[in-house]
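Below is one structure, written out as structure tokens; comments come after it.
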Protein chains: 2
Amino acid sequence: MLHSHSLARLSSRASVLRLARRAYTQDVGSNIQLSQLRISKTDNPRTPPPAKNLVFGQTFTDHMLSVAWTSAKGWEAPHIHPYGPLSIDPSCTVFHYAQTSFEGLKAYRDENGKVTLFRPDMNMSRLNRSAARIALPNFDGDAVVELIKKLVALDAHWIPQLKGHSLYIRPTIIGTQRALGVAPPNAALLFVICSPVGPYYKGGFKPVSLLATSEYVRAGPGGTGGYKLGANYAPCVVPQVQAAKSGYDQNLWLLGEDHRLTEVGTMNLFVALKHENGGVELVTPPLEDVILPGITRDSILSLARGHASGAQPISTLPSKLIVSERHITMKEVKAAAESNRLLEVFGAGTAAVVCSVKNIGYNGEDIAVPTGPDGLGPITKSILDEITGRQLGIIPSDWSVEVPPF
Amino acid sequence: MLHSHSLARLSSRASVLRLARRAYTQDVGSNIQLSQLRISKTDNPRTPPPAKNLVFGQTFTDHMLSVAWTSAKGWEAPHIHPYGPLSIDPSCTVFHYAQTSFEGLKAYRDENGKVTLFRPDMNMSRLNRSAARIALPNFDGDAVVELIKKLVALDAHWIPQLKGHSLYIRPTIIGTQRALGVAPPNAALLFVICSPVGPYYKGGFKPVSLLATSEYVRAGPGGTGGYKLGANYAPCVVPQVQAAKSGYDQNLWLLGEDHRLTEVGTMNLFVALKHENGGVELVTPPLEDVILPGITRDSILSLARGHASGAQPISTLPSKLIVSERHITMKEVKAAAESNRLLEVFGAGTAAVVCSVKNIGYNGEDIAVPTGPDGLGPITKSILDEITGRQLGIIPSDWSVEVPPF
């Protein structure tokens, strides 16, 4: 485990360094103090709905966490309080200038009832990097992980008992300055809400179809695609609707005249190719401006590299595996498909872990992508098992962080 | 006047057509009905602060306008009510996915006390185009102009009497669906707030210095730079802070390997060059993906073309004027400066109307830009006088729309 863990650390550190160039640090003032946490329990606890009725992101638990910040006083005392509407002045910068950044992670309940989070430190460091990119204040990520543990523990009965279910956790930071003006805000709010969710794949794995999109660009060089900003998401809705109208499930985002593949919907992208050495190459685009440094992406790279180096072999992965962070173009994907060297394509993200692709619509034709008989190719399935095994405590791992009972 | 007006119409229509390609129309349901307007006046009217103390966007009037929309019922009855915080669920899409678009226009009070708006129909059509780009519902722009007139009339005593002052009006539309999910929202809110503002130039015109920025890109091809979305603004704050730290007032946004000039801060850009025919060429980048279709930009082009064609000469503009919507690169600007053919550079937008540029920092050196002795070059000054003349009713114009008293 240690080796896998330190590989992941190295990988994350490299990303941080690469991204730090653009960071901006507000003078944060006093930081978030776990010891100042105030808890106001609801007087009207609700009954969680039946797990089978859950739709992603539509049900929220009884409580939420709020931590306010002002440039004058720094971070104020954290507060866990009943879930409810925010009272925000109509002049606040979040409404006008999209001063918002968010994260998504999950709390899992294992077979013994133990509740865990998966690599929450990664979410906190990314939220700090994203916040700095739009001049929102930074914060003590370790303190917020502890606060999230308190919140999850308080609402732990909202985590469905059913297999494959979990509690989706959404930390968000917004600019709340009560004045119009494109400038670092003098006030901000960090809040966390939790939503019980069912499995991404209900009734078996369903590979998705992608429409390769070059008219709309998710993120360009010098833009904000490498940060988890609200600003990256609103512009993707219309392309998604148009892909659906054309009969495809998701957009495959291309970039540049050579139509490099970048991301899939709101997920990172992996492509498995037959290599000329007889092995398999697992390719994902490198962390440059346009690629979100996904935590599932980082975990996959860490596991695959641990296997490829022989340090931590995974029996279900190909014995000869090459792991590449490199550009890959539609021309290469098409040629690989035509010569039967295209093995698997999958998206990777917190919601689904992995999501198999069955075909890519490109320039008016469909490129077929192999998938296994159960809708998952062997590499995709291996990755899924390895990551969910660590999330659910089946495979012991430092990545899994226990939430003590309330 | 008519000719100038129809030129502007043509110019706007061309923009609309060019931008319509990407639009997406929600099924809006019932539209906004002016006849359903409900007015709840404040019980606690405030006293407007002394005009000399006003800081842009920090003071708001007694009332605001709200119009709610749901996919189930369409637009609900408009409501003018006391200014106050919005109560918004923490799961709402505006907080997570930057589902927000806004406009800025001004109400002016002329010497006879008459209150007017400047081309408000242009703001409404742009807000509709922007909303469609991020799957927010469209609305009857004419109805909203009438609602804005009612709001401005009710709070007309907030328009400062001092010369150069005005009432800044901020229509905003946000996604208010109470569920996480990157999809067209099932609820939205259109609201309008008003802020009394002083003149952009206090104590005389101060030309600004620009830092030409290629590391950060305001908007790339296939992105949303041509729409007035919140998403375009948050990412500009850090580059602006960095420009200020380097001793410059604003960013000059470049694009591409050839360093094309695109915009200045949050304004459109104009460059005046000596032409080889002995006249003057007034250049602004063409309305492609990356350029916001500014209303001041459109007004300047309309006036300059009316002059250049001879249809409506302006005595203070050069007799031989060529008006160009074309790309212009830093190489060309630098060469023009070196051969004394760079005449003027200015930004154009609602806040300042025009904003002269005195120098451009580029690749470690400063390119000097001529400005007149009072801080405004002759073309910049002519444009400023022509537009403010129409805004303040000194020059009669169809662009000026009267707000009847309440």
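In the text below, chain A, chain B and the rest are named by the order of the sequence lines, each starting its count at 1. Computed from a prediction, not measured in an experiment: that's the story for all the values here.
Considering only heavy atoms from C-beta on, Val237(B) comes within 4.5 Å of Gln99(A) through its side chain. Residues Ile88(A) and Ile88(B) form no side-chain contact, since every pair of their non-hydrogen atoms from C-beta on lies 4.5 Å or further apart. A 4.5 Å side-chain heavy-atom check between Phe60(A) and Leu180(B) finds at least one atom pair inside the cut-off. Ile193(A) places a side-chain heavy atom less than 4.5 Å from the side chain of Ser91(B).
If you take OH on Tyr216(B) and CG on Asp289(A), they are separated by 10.0 Å, rounding to the nearest 0.5 Å. Note that the CD atom of Glu103(B) and the NE2 atom of His96(A) stand 12.5 Å from one another [nearest 0.5 Å].
Of the two parts of Thr172(B), only the side chain, counted from C-beta on, holds a non-hydrogen atom closer than 4.5 Å to a non-hydrogen atom of chain A. In this structure, the portion of Arg170(A) lying under 4.5 Å from any heavy atom of chain B is its side chain and not its backbone. The parts of Phe56(A) that come within reach of chain B are both its backbone and its side chain, each placing non-hydrogen atoms under 4.5 angstrom from that chain. Residue Phe95(A) touches chain B through both its backbone and its side chain, counting heavy-atom pairs closer than 4.5 Å. Both the backbone and the side chain of Leu86(A) come within contact range of chain B, judged by heavy atoms closer than 4.5 Å.
Note: Ala183(A) leads Gly181(A), Gly220(A), Ala183(A) in heavy-atom pairs under 4.5 Å with chain B. Chosen from Ser87(B), Pro85(B), Ala231(B), the residue pairing most often with chain A at heavy-atom distances under 4.5 Å is Pro85(B). Taking Gly57(B), Pro239(B), Pro90(B) one by one and counting their heavy-atom pairs under 4.5 Å with chain A, the maximum is reached by Pro90(B). Contacts with chain B were tallied for Ala98(A), Ala179(A), Ser66(A); Ala98(A) has the most, counting heavy-atom pairs under 4.5 Å.
Using modelled atom types and a 3.5 Å distance limit, the side chains of Tyr97(A) and Asn232(B) yield no donor-acceptor pair.
The two residues Thr100(B) and Val94(A) come nearest to each other via the heavy atoms CG2-O, 4.2 Å.
Within the 3.5 Å criterion, the main-chain N or O of Pro235(B) finds a donor-acceptor partner in the side chain of Arg133(A).
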